[in-house]
Number of protein chains: 2
Amino acid sequence: MPKPLTFGQFLRESRESKVATDRGFSLRKVAERAGIEPSYLSKIERDEQPPPGEAVIRQLAVELSEDPDVLLALAGKVSSDLLAIIRSRPRLFADLIRQLKSMPDHAVLRLVREVRDGSW
Amino acid sequence: MPKPLTFGQFLRESRESKVATDRGFSLRKVAERAGIEPSYLSKIERDEQPPPGEAVIRQLAVELSEDPDVLLALAGKVSSDLLAIIRSRPRLFADLIRQLKSMPDHAVLRLVREVRDGSW
DNA sequence: GGCATTGTGTAGTAGTTACTACACACTCAC
DNA sequence: GTGAGTGTGTAGTAACTACTACACAATGCC
């Protein structure tokens with residue numbers, strides 16, 4: 001398996017893989033499009049600063065075409081919309097999630113599909 | 001349905017219902033057992049201060065025999081162990097939770113039971 | 001009526017979060 | 001060789017989080 005990257009490493013690798021073929025992915029350009037200072041992004045990519053807030057992470061995800069939930073996870077966070085869903089029925093979701101903790105991916109995936117396909 | 005209480009209101013009602021029959025549930029006593037200043041708890045119960053951190057909420061849950069996940073939800077938080085589980089497989093859990101967002105309780109409950117009983 | 005206990009008011013604070021602003025040195029194109 | 005663009009270093013900060021410490025007035029108990 002690919003060794004787990006830090007948030008900063010992941011960002012840098014994602015961006016550098018794109019800047020190779022598209023000059024629009026320089027650190028400065030990406031920072032500008034994401035609405036943050038270049039020096040801030042620089043520090044983030046080198047894990048010198050902790051990851052930014054959810055809004056900025058989402059912007060970066062858009063710019064780099066990465067999955068926001070994955071990026072947020074690497075940043076040690078969970079999407080605020082998921083938190084709201086859990087908070088709306090805490091006992092229900094807490095139970096479910098703890099039950100699924102040690103289930104293999106394919107089992108959980110089956111669950112996702114069953115729910116989606118409405119076999120209910 | 002019971003109108004949704006704030007975190008502070010919920011705490012106060014829980015505590016006052018107990019102090020009626022047990023003097024050990026005065027604000028000061030509970031605060032002491034939970035390891036916080038009485039004035040702090042007072043402000044929290046009146047929603048004058050935002051809810052405390054997860055550790056204190058858990059202590060209060062123990063003292064008042066309330067469900068920690070419910071208390072955390074009222075405080076606008078989600079248990080850190082659940083966050084860790086989600087972060088470990090962000091895409092998987094994000095999908096599942098968003099799918100379940102609008103499912104009725106009984107459907108989700110069935111899921112919980114099926115998983116628990118290992119009908120897999 | 002005095003001591004204990006109750007809830008609350010006021011004031012303060014250390015630590016963290018989430019950034020901005022600006023300057024600098026290097027490289028590259030032409 | 002100069003102007004544009006690159007990444008990075010330094011410095012600072014406003015807002016929020018999560019509390020403590022102490023003093024005070026009211027009530028209860030015997």
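Every heavy atom of this structure was used, including side-chain atoms; hydrogens, water molecules and symmetry mates were not. Every value quoted in this text rests on a predicted model; they were computed, and no experiment measured them. Proteins get letters first, then strands, A, B, ... in listed order; numbering begins at 1 in each.
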Quick one: K29(B) NZ to dA4(C) C1', roughly how many Å, whole number? 10 Å

CZ/F93(B) to CG/L96(A) distance, rounded to the nearest 0.5 angstrom? 8.0 Å

Could you check whether K101(A) pairs with D81(B) (Lys NZ or Arg NE/NH1/NH2 to Asp/Glu carboxylate O, under 4.0 Å)? no

Atom CD of E37(A) and atom P of dC19(C): how far apart are they, to the nearest Å? 12 Å

Can a salt bridge be assigned to the pair K77(A) and E54(A) using a cut-off of 4.0 Å between side-chain N and carboxylate O? no

Nearest 0.5 angstrom please: R28(A) CZ to S39(A) OG, how far? 8.5 Å

Which nucleotides of nucleotides 8-15 of chain D have their base under 4.0 Å from a protein heavy atom (B), which only their sugar-phosphate (S), and which neither (-), written as one string 5' to 3'? BBBB----

Is any side-chain N of the basic residue among E66(B) and K18(B) closer than 4.0 Å to the acidic one's carboxylate O? yes

Extract from the structure each pairing of a protein N or O with an N or O of nucleotides 28-30 of chain D at less than 3.5 Å, listing the distance.
none

From CD of E32(B) across to P of dT5(C) the rounded distance in Å is 11 Å

Neighbour count above 12 (heavy atom, 6.0 Å) for E32(A) CD: no

Please check if V30(A) and V62(A) belong to a single hydrophobic cluster, counting links between Ile, Leu, Val, Met, Phe, Trp and Tyr side chain heavy atoms closer than 4.5 Å. no

First locate atom CG of L11(B), then atom CZ of R15(B), and finally report the distance between them rounded to the nearest 0.5 Å. 9.0 Å

Evaluate the side chain to side chain contact (heavy atoms under 4.5 Å, CB included) criterion for residues D69(B) and L82(B): first the C-alpha distance (whole Å), next the side-chain angles of each, then the deciding distance (0.1 Å), finally the verdict. CA-CA 10 Å; D69(B) 291 309; L82(B) 296 180; 4.2 Å; yes

Name the residue closer to the 5' end of DNA chain D, choosing between P52(B) and E16(A) according to the nucleotide with the nearest heavy atom. E16(A)

Donor-acceptor contact present, side-chain R46(B) to main-chain S42(B), <3.5 Å: yes

Just to confirm, is there a sub-4.0 Å distance from OP1 or OP2 of dT6(C) to any side-chain nitrogen or oxygen of S26(B)? yes

Does anything in residues 56-88 of chain B come within less than 4.0 Å of DNA chain D? Heavy atoms only, and list the residues if so. V56(B), K77(B)

Could you check whether any side-chain heavy atom of P52(B) comes within less than 4.5 Å of a side-chain heavy atom of I44(B), counting everything from C-beta outward? yes

In whole angstroms, the gap separating P of dA21(C) from CD1 of I36(A) amounts to 13 Å

